[in-house]
Amino acid sequence: KHIDKYRYFLKLIGSNPFELLSLLPTVWSTFKFRHILRRAGQGSIVGKGTTIINPSRVSIGDHCLIMDHVYMRCGIDGRIQIGDRCAINSHAKLFGHGGVFIGSDSQIGPAAILTTTSHDYQDNLEAVFLPIHIGHKSWIGAGAIILPGVSIGDNCVIGAGSVVTKAIPSNTVAVGNPARAIRAHAG
């Protein structure tokens, strides 16, 4: 269930009105990404300190929550596309030079890293960009690392600290380094 912003606001005013001052940077960040840059959809909130490099290549769906200090970067040909009702937690890093596509209702845990850049170590370390696809209703745990070219199916759970090096089928719980399926996920 997503945050009821109105109820949260009323509770905040009742408990500590000075806490509103700490929300001002988030209000500015949300305004900037939703109304000036037009990168975030209706009802989305973008936390303070969030950085988007090459914002014209980033699309954030409706009713998403991008927490504080998230870093997103795309190259000229890259793209980051986040579906509706997604949550990207604090200090997550998305490097979309090869394309990052996150399905609706998915969550990315704090400090998770999604990188689409690899290097051909046999050919002068030339950069190679491979897309990452994360299906609908999937959950990437805190500190997980998703490597280039990986597809994660719908309704998956990736355990905290896992390193995903290959495709994970839908309805799967995967953990470890490298991440391995440990059971089916009925969700």
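Positions are given from 1, in the same order as the sequence printed here.
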Measure the spacing between [atom1] of [X] and [atom2] of [Y] and express it to the nearest 0.5 Å.
X	Y	atom1	atom2	value
C86	Q81	SG	CD	10.5 Å
T115	L130	OG1	CG	10.0 Å
D68	H91	CG	NE2	7.5 Å
Q42	R34	CD	CZ	7.0 Å
H63	I45	NE2	CD1	10.5 Å
I80	H97	CD1	NE2	9.0 Å

Spell out, as yes or no, whether a donor-acceptor pair under 3.5 Å connects the side chain of [X] to the backbone of [Y].
X	Y	answer
S106	G135	yes
N54	G75	yes
H136	S104	yes
D84	D62	yes
S162	G176	yes
T50	M67	yes
T30	V27	no
R39	S59	no
S29	K48	no

Of all the heavy-atom pairs spanning [X] and [Y], show the shortest one and how long it is.
X	Y	value
G61	S44	O-OG, 2.6 Å
A40	V46	CB-CG2, 4.2 Å
A92	I88	CB-CG2, 3.8 Å
S170	G153	OG-CA, 3.5 Å
M72	I66	CE-CG2, 4.1 Å
P148	T117	CG-O, 3.4 Å

Are [X] and [Y] linked, directly or through other ILVMFWY residues, by side chains that come within less than 4.5 angstrom of each other?
X	Y	answer
I60	L37	yes
V70	I82	yes
I132	W139	no

Full working for side-chain contact (heavy atoms from CB on, under 4.5 Å) between D154 and N171: CA-CA 6 Å; D154 296 338; N171 304 308; 5.7 Å; no
State whether the number of non-hydrogen atoms from other residues, nucleotides or ligands found under 6.0 Å of [X] atom [atom1] is greater than 12.
X	atom1	value
D77	CG	no
L24	CG	yes
D120	CG	yes

Hey, can you tell me if F95 and Y71 have their rings parallel, tilted or perpendicular (30° and 60° cut-offs)? tilted
Are side-chain heavy atoms of [X] and [Y] found at a separation under 4.5 Å?
X	Y	answer
V100	T116	yes
L94	I102	yes
T165	I145	no
F101	P131	yes
F31	I36	yes

Given the rule in the side-chain contact (heavy atoms from CB on, under 4.5 Å) test, do I158 and I152 qualify, once you have shown the distances and angles that lead to the verdict? CA-CA 9 Å; I158 305 299; I152 296 172; 4.0 Å; yes
I would like to know whether I108 and L114 meet side-chain contact (heavy atoms from CB on, under 4.5 Å); could you show each step before the answer? CA-CA 9 Å; I108 307 297; L114 285 69; 4.1 Å; yes
Report the C-alpha distance between L147 and V163 in whole Å, list the side-chain angles of each, state the deciding distance to 0.1 Å, and finish with yes or no for side-chain contact (heavy atoms from CB on, under 4.5 Å). CA-CA 7 Å; L147 294 177; V163 178; 4.0 Å; yes
Is the shortest side-chain N to carboxylate O distance from R85 to D105 below 4.0 Å? yes
